[in-house]
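Computed over heavy atoms, backbone and side chain alike; hydrogens, waters and symmetry mates excluded. The sequence lines fix the lettering, A, B, ..., with proteins before strands; numbering per chain opens at 1. Keep in mind it's a predicted model, so treat the numbers as computed, not measured.
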Protein chains: 2
Amino acid sequence: MADSKGGQAGVAARTTMIDVANAAGVSFKTVSRVLNGEAYVRESTRGKVLEAARSLDYQFNHAARSLRSGSAQIVSLLTGNQSRAYTQSVHLGALQQCQQAGVHVVVESAAADIEVNIEALERSLLETAPMGVVVTPPLCDNAEIIALLERHHFRYVLISPVAPGPGTPHVGMDDEAAAREMTALLIGLGHRQIGFIQGDPDDPASSLRRRGYLSALADAHIAAEDTLVVSGRFDWDSGLVAADRLLDLDDPPSAIFAANDDMAAAVIAAAYRRDMRVPGDLSVAGFGDTSVASVISPQLTTVYQPIVDMVSEAVRILTGVISGADVEVTQMTLPYRLVERGSTGKC
Amino acid sequence: MADSKGGQAGVAARTTMIDVANAAGVSFKTVSRVLNGEAYVRESTRGKVLEAARSLDYQFNHAARSLRSGSAQIVSLLTGNQSRAYTQSVHLGALQQCQQAGVHVVVESAAADIEVNIEALERSLLETAPMGVVVTPPLCDNAEIIALLERHHFRYVLISPVAPGPGTPHVGMDDEAAAREMTALLIGLGHRQIGFIQGDPDDPASSLRRRGYLSALADAHIAAEDTLVVSGRFDWDSGLVAADRLLDLDDPPSAIFAANDDMAAAVIAAAYRRDMRVPGDLSVAGFGDTSVASVISPQLTTVYQPIVDMVSEAVRILTGVISGADVEVTQMTLPYRLVERGSTGKC
DNA sequence: CTGAAAGCGCTTACAG
DNA sequence: CTGAAAGCGCTTACAG
């Protein structure tokens with residue numbers, strides 16, 4: 001009775017900018033300004049609006065925005081030449097979060113030969129006018145791409161960059177710590193002669209993992225031997241070649257740690273071809289916990305890498321203009337996890 | 001000069017329902033009716049509107065609809081317990097198409113024990129009120145689920161059902177023909193003693209593939225032997241057991257065709273454990289062309305199954321109310337493709 | 001079977 | 001730094 005305005009009793013009407021404006025004592029236009037991160041809003045006003053939005057549990061209406069603004073919000077996904085499993089995970093993470101934010105995903109895949117395509121990329125980005133760009137490995141460590149993004153003032157978040165500049169928004173995991181921990185696990189099993197297969201020697205992620213490997217050896221006072229570190233290119237074939245190099249050594253390793261699962265799978269294949277048993281004669285560890293890890297024999301001991309979540313968080317940073325926090329969090333390190341399966345055993 | 005109405009020259013204004021209405025000579029409300037598939041529209045009117053929409057290349061504005069109607073459009077994804085790779089592909093296909101249609105995806109995963117969960121599923125579906133439901137294997141052949149969907153008049157599309165009722169909307173591929181062709185490939189390589197590893201014997205998809213296998217044998221006048229068909233459960237472990245059963249036969253097969261890639265990977269593992277070479281001593285073929293197929297040694301000869309596309313098409317059927325066609329296409333068979341890699345060779 | 005009016009929740013200019 | 005007005009393209013009742 002007290003409230004005789006329209007609206008059905010019991011049905012909570014959606015909270016709109018107008019409600020937030022009333023609660024904050026400003027016009028709804030000001031609410032719009034704050035929520036869109038526009039300049040020229042007094043700091044105290046901004047605080048009141050954010051506080052009101054939070055206490056009313058205000059949900060932004062993306063449909064209304066895109067109807068009025070006449071253009072869909074877009075997040076661009078810059079992907080390089082990773083494995084199929086990796087790329088699928090990246091797409092999934094982006095799509096999941098974007099659909100929730102009412103944002104569209106546009107995939108810009110850059111081939112290996114960046115130099116040739118950088119102009120096409122620039123044109124496409126300018127045309128698409130994304131509200132943000134997610135840059136995945138190995139592109140996230142490409143100075144030319146970062147420079148391009150900076151030049152045009154695109155907002156962006158890097159996934160798993162090795163050397164992000166100070167303040168550069170990024171989401172990743174601690175590759176070095178993960179590799180160190182995995183190496184320590186092997187050492188704990190009694191292995192002293194541990195081989196490491198990296199990706200391209202100058203691949204950023206790969207070098208972090210190698211660093212972790214070396215530091216675990218140092219921690220255990222095991223001398224690192226150059227011959228025990230060989231290079232692949234992250235694919236299965238190169239992993240096979242690398243494994244053979246290690247197993248052909250005069251003093252071959254009793255355990256091999258590969259910088260990704262595909263190469264680790266190849267190590268197991270190489271062992272079988274030599275009638276070596278895994279883990280009886282050779283322990284094998286991978287990195288990534290991709291789907292291959294659980295469908296090879298024996299199943300692979302590896303590091304779970306939260307790719308879907310990393311990309312998801314990156315999109316959240318890009319799309320989440322309304323954050324309660326005073327300082328927006330734009331750098332995150334997500335937890336990894338060691339997954340011990342059948343491919344590793346005591347020495 | 002002739003057109004002095006507002007709007008910037010050169011910038012094509014978006015085509016709206018009003019434009020379509022003018023072109024068709026009806027009110028825009030009628031256009032809305034037609035495009036939403038409402039009843040009570042004269043057939044001739046419907047035709048005119050559809051024709052006008054097509055010739056003007058009208059694009060429906062989802063933002064406007066959800067703003068006005070106050071609720072997001074939702075497609076539900078009913079997924080059972082398939083492999084991780086399969087599920088990821090399903091999600092990807094749905095998300096890709098839904099984002100384009102401005103529709104949200106809600107995932108309803110049903111555990112193996114349907115009976116227990118059917119009520120929860122019903123409640124959730126009623127609450128979500130999706131505009132359509134995509135049902136993936138093995139749920140797509142569950143009579144109880146179909147009955148539930150029919151009872152509440154949900155629109156739905158089945159993915160790869162084995163025995164869809166007449167007129168039941170579904171998207172799939174010809175599993176039987178694919179299996180027949182793969183078996184014929186093995187026969188063409190000189191194999192006569194060919195083992196087959198199915199999933200659960202009563203799994204619908206599995207039985208189609210077995211049928212294809214048997215019919216290829218018949219085509220080649222090769223007598224089928226019961227001992228050469230063994231059952232797994234689609235996972236790696238069961239594939240290993242099944243492979244051992246086949247290889248332990250007095251007259252073991254020279255080739256083994258597994259009903260999915262995971263089990264085929266296990267066959268290769270089983271062969272290595274016996275010091276058999278693949279394909280030298282044993283040819284192995286899989287089904288699916290999932291990511292594992294290219295990261296095992298040797299790489300797997302298999303059947304490419306377009307899961308992402310199948311789900312994508314299913315969503316398109318569910319969301320695409322405006323179809324130019326007079327009769328809406330709700331049944332599709334997508335092409336498969338044999339992928340010959342290193343795991344098969346001459347006998 | 002078809003139509004005229006109102007309004008969903010925002011952003012876009014424009015004005016102070 | 002802040003606000004009042006108009007309108008994006010549809011759907012919802014309601015009326016014929």
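- Distances shorter than 4.0 Å separate some side-chain N or O of B/Ser32 from OP1 or OP2 on D/dT11.
- A donor-acceptor contact closer than 3.5 angstrom is absent between the side chains of A/Tyr86 and A/Gln305.
- For D/dA13 and C/dC1, the P atoms lie 23 Å apart once the distance is rounded to whole Å.
- On a pure distance criterion of 3.5 Å, a polar donor-acceptor pair joins the side chain of A/Arg33 and the base of D/dT2.
- Remark: A/Thr45 is in phosphate contact with D/dT2, judged by side-chain N or O atoms under 4.0 Å from OP1 or OP2.
- Considering every non-hydrogen atom in both A/Ala52 and A/Ala24, the closest pair reads CB-CB, 3.9 Å.
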Begin from the C-alpha positions of B/His91 and A/Gln96 and carry the test side-chain hydrogen bond (donor to acceptor under 3.5 Å, both in side chains) through to its verdict. CA-CA 9 Å; B/His91 288 188; A/Gln96 276 177 358; 4.7 Å; no

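- A straight line from CG of A/Leu35 to C1' of C/dC10 spans 11 Å, rounded to a whole angstrom.
- Counting only heavy atoms from C-beta outward, the side chains of A/Ile159 and A/Val311 approach each other to under 4.5 Å.
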Close N or O pairs between protein and nucleotides 7-9 of chain D (under 3.5 Å):
residue : atom : partner : partner atom : Å
D/dG7   : N3   : A/Arg68 : NH1          : 3.3
D/dC8   : O2   : A/Arg68 : N            : 3.3
D/dG9   : N2   : B/Ala64 : O            : 3.4

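- Counting non-hydrogen atoms of neighbouring residues, nucleotides and ligands closer than 6.0 angstrom, the CD atom of A/Gln100 reaches no more than 12 such neighbours.
- Distance NZ (B/Lys29) to C1' (D/dT11): 6 Å, rounded to an integer number of Å.
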Full working for side chain to side chain contact (heavy atoms under 4.5 Å, CB included) between B/Gln59 and B/Thr15: CA-CA 7 Å; B/Gln59 302 288 336; B/Thr15 302; over 6 Å; no

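- Checking side-chain atoms of B/Thr128 against main-chain N and O of B/Ser124 turns up a donor-acceptor pair under 3.5 Å.
- When rounded to the nearest whole Å, the span between CE of A/Met131 and C1' of C/dT11 equals 14 Å.
- At least one side-chain heavy atom of B/Phe154 sits less than 4.5 Å from a side-chain heavy atom of B/Leu126.
- Close to C/dT2, at under 4.0 Å from its OP1 or OP2, lies no side-chain N or O of B/Ser27.
- DNA chain D contains the following stems of three or more consecutive Watson-Crick or G-U pairs, with both distances under 3.5 Å: C:1-3 with D:14-16, C:5-12 with D:5-12, C:14-16 with D:1-3.
- Considering B/Thr330, B/Ile317, B/Asp309 as possible partners of B/Val171, the one that fulfils the side-chain contact (heavy atoms from CB on, under 4.5 Å) test is B/Ile317.
- Nearest to the side-chain atoms of A/Val26 among the listed nucleotides D/dG3, C/dT11, C/dA5 stands D/dG3.
- In this structure, the CG atom of A/Asn22 is 15 Å from the C1' atom of D/dA4, given to the nearest Å.
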